*Asks:* 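Structure incoming, see below.
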Amino acid sequence: MQEEKSQKLWGGRFETKAASIMERIGESVSFDKRLYKQDIIGSIAHAKNLLKIGILTKEEFDSIVTGLMQIKTEIELGQFHYTTELEDIHMHIEHRLTHLIGQAGKKLHTGRSRNDQVAQDVRLFIRDETNEILESILRLLDVILKKASDNQELVMPGYTHLQVAQPIRTSHYLLAYFWAFERNFKQLQHTLEVNDILVLGSGALAGVNYNTDRDLMLEELGLRALSDNSIDAVSQRDHILNFLFAASLILVHASRLCEEIIIYSSVEFGFISLPDSLTTGSSIMPQKKNPDIAELIRGKSARVIANLNHMLILLKGLPLAYNRDLQEDKISLFDSVDQVKISIEGITEMIREMKFHPEKMQNSLNRGFATATDLADYLVNDKKIPFREAHEHVGKLVSLCVQRNRTLVDIEESDRASISEHFVGESYFAAISLPNSTEKKNVYGGTASVRQKEQLKKAENSLANLRQSLQAEK
Ligand code: ARG
């Protein structure tokens, strides 16, 4: 009997062993073992506090730290033994520690509950992972900048309703994603401000019966502020929600980009191609080269958005304070962390490696009458024709082009002249020219080449600032 009860940390109160179903449904170690590093760091900070308030002697403290370090090594070398008899990583570490160092190990949980322990570990985990994700966004932004800088002169079709709308510089298109991911970066930094809070000292929910020095642990763990309410501290999961929302927005941006990569690399568009190394073939159709990476990331966005929903739904009906439902909060968090990281890496590689096909872009621009608006604006500016009338003239010309299966570039001069006397001569060709069209979009934030240079400069500065701010946090 004694042996049967021995593993549980609440052995005193319980006569019989947990049923198999209790153990299987109750265990979280199969996934929360990912928190081992944070658990050990958190325990050392807690032990420092216990030393300061006289619960631990210096010898006991030292043996706890040595024991925890040994456990860390065992885990990292794959030598640590996991069992579902011990619910979670927190119990595993404490159990092993006591086995290694004896009595002192049994003192570690003084003035602490797994409720504040797990809440703290997850916050530390979010901080560590967010910092890695921020680094990976910097790499992505860098690649986008480079690609944009190399493609300022390449004019491509811009779309609305997925119908050719107006010519844009390819740099302009790429920089649209630069700013999207730059916002993601800043949003993640903001989530850290709310995340990096010390909750240790909250105990199970009411605080603890010891003279716990929370400021010491705050300092030790490099956190920003103390939680103000112990009930809130152990029951809220806003830091996870914030992360999951930020992750969802990253994947929404990534998924839109992927959708375009998929479309633009089809035979029908043919604007870009990905290298063999980033595509897959088909087991039956020899000609196929599929943009699987882009499709997978588009698919992953569903999962990451679902994880945010999972967390919102998990929380919405929970009474304060801790409820065991919360054990499953880590599943969505871990999954989103993994999916965000691999997706950012995937789009970074796709952007780095993609090749553009200018002829295909030019063809779509011409066949899509991309400079029709410019032609109307020419009638307005140079010929003083009211815009509505100009719009109609150009509409008629486009319609005639469609009838004749021509573009604005190659429709016969006689056909043009039949609609307007202004559609003849050099000034007509200047009005429908692709580079001229982009050059005229010379407002701040527009697609003209001076504005591209200006925007690139601004993006570069912004990237340097982001880099610096990340450095400063370390
Ligand atoms: N395994 C639990 C979790 O991950 C740890 C906290 C358990 N607390 C409790 N009161 N049973 O949420």
Side-chain angles (χ1 to χ4, degrees), residues 5 7-14 17-43 45-46 71 75 80-98 108-129 195 197-209 227 229-241 243-244 307 310-337:
K5 300 206 299 180
Q7 296 254 348
K8 292 278 184 268
L9 296 177
W10 50 73
R13 163 87 171 75
F14 286 72
K17 218 175 159 239
S20 155
I21 175 61
M22 186 58 246
E23 247 169 49
R24 282 178 292 124
I25 206 169
E27 72 85 20
S28 56
V29 70
S30 55
F31 51 92
D32 66 20
K33 56 182 170 196
R34 277 185 79 164
L35 296 174
Y36 78 93
K37 249 190 255 167
Q38 290 79 16
D39 197 66
I40 287 171
I41 288 169
S43 281
H46 175 66
I71 292 169
I75 292 174
F80 193 80
H81 177 66
Y82 296 100
T83 164
T84 50
E85 263 184 71
L86 294 171
E87 178 183 309
D88 50 32
I89 188 65
H90 323 292
M91 286 177 156
H92 273 79
I93 291 176
E94 190 184 330
H95 186 264
R96 177 73 183 140
L97 182 68
T98 303
L108 179 60
H109 210 54
T110 314
R112 182 174 75 172
S113 156
R114 273 182 306 144
N115 296 354
D116 57 355
Q117 187 178 359
V118 69
Q120 192 67 69
D121 289 358
V122 167
R123 285 174 182 273
L124 296 174
F125 176 84
I126 290 177
R127 179 176 67 178
D128 291 345
E129 295 293 334
N195 176 74
I197 302 293
L198 183 96
V199 300
L200 290 177
S202 300
L205 81 164
V208 290
N209 295 341
S227 57
N229 180 308
S230 58
I231 304 170
D232 184 44
V234 295
S235 54
Q236 68 125 320
R237 293 295 184 267
D238 293 6
H239 45 293
I240 300 184
L241 283 171
F243 177 85
L244 291 177
N307 287 338
H310 169 236
M311 200 57 212
L312 288 165
I313 297 164
L314 183 72
L315 284 163
K316 75 171 181 62
L318 287 188
L320 300 179
Y322 179 85
N323 298 270
R324 194 61 183 280
D325 317 41
L326 291 173
Q327 175 161 292
E328 303 211 341
D329 61 2
K330 293 156 218 69
I331 294 175
S332 323
L333 173 65
F334 293 164
D335 187 48
S336 283
V337 163

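All residue numbers in this chain count up from 1 along the given sequence. As the structure lists them, so they are numbered: ligands from 1, and atoms in each ligand from 1. These figures come from a predicted structure and were not determined experimentally. The basis for the numbers below is simple: all heavy atoms, side chains too, and nothing from hydrogens, waters or symmetry mates.
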*Asks:* Can His92 and Asp39 be counted as having a side-chain donor-acceptor contact under 3.5 angstrom?
*Replies:*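 No donor-acceptor contact under 3.5 Å links the two side chains.
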*Asks:* Under a 4.0 Å heavy-atom cut-off, what residues line ligand 1?
*Replies:*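 Within the 4.0 Å shell of ligand 1, which is judged on heavy atoms, sit Ser28, Glu87, Asp88, Arg114, Asn115, Val118, Tyr322, Gln327, Lys330.
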*Asks:* Measuring centre to centre across the rings, with the benzene-like ring taken for any Trp, is Phe80 within less than 6.0 Å of Tyr36?
*Replies:*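 No, the ring of Phe80 stays outside the 6.0 Å limit from the ring of Tyr36, centre to centre.
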*Asks:* When you measure from the side chain of Asp116 to the backbone N and O of Arg112, does any donor-acceptor pair fall under 3.5 Å?
*Replies:* no
*Asks:* Testing Gln38, Arg34, His90, Lys37 for side chain to side chain donor-acceptor pair (under 3.5 Å) with Asp121, which one passes?
*Replies:*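 Answer after filtering Gln38, Arg34, His90, Lys37: His90.
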*Asks:* What distance separates Arg237 CZ from Leu244 CG, expressed to the nearest 0.5 Å?
*Replies:* 12.5 Å
*Asks:* Is Arg324 reaching over with its side chain to a backbone N or O of Gly26, donor-acceptor style, under 3.5 angstrom?
*Replies:*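 Here the side-chain-to-backbone pair exists.
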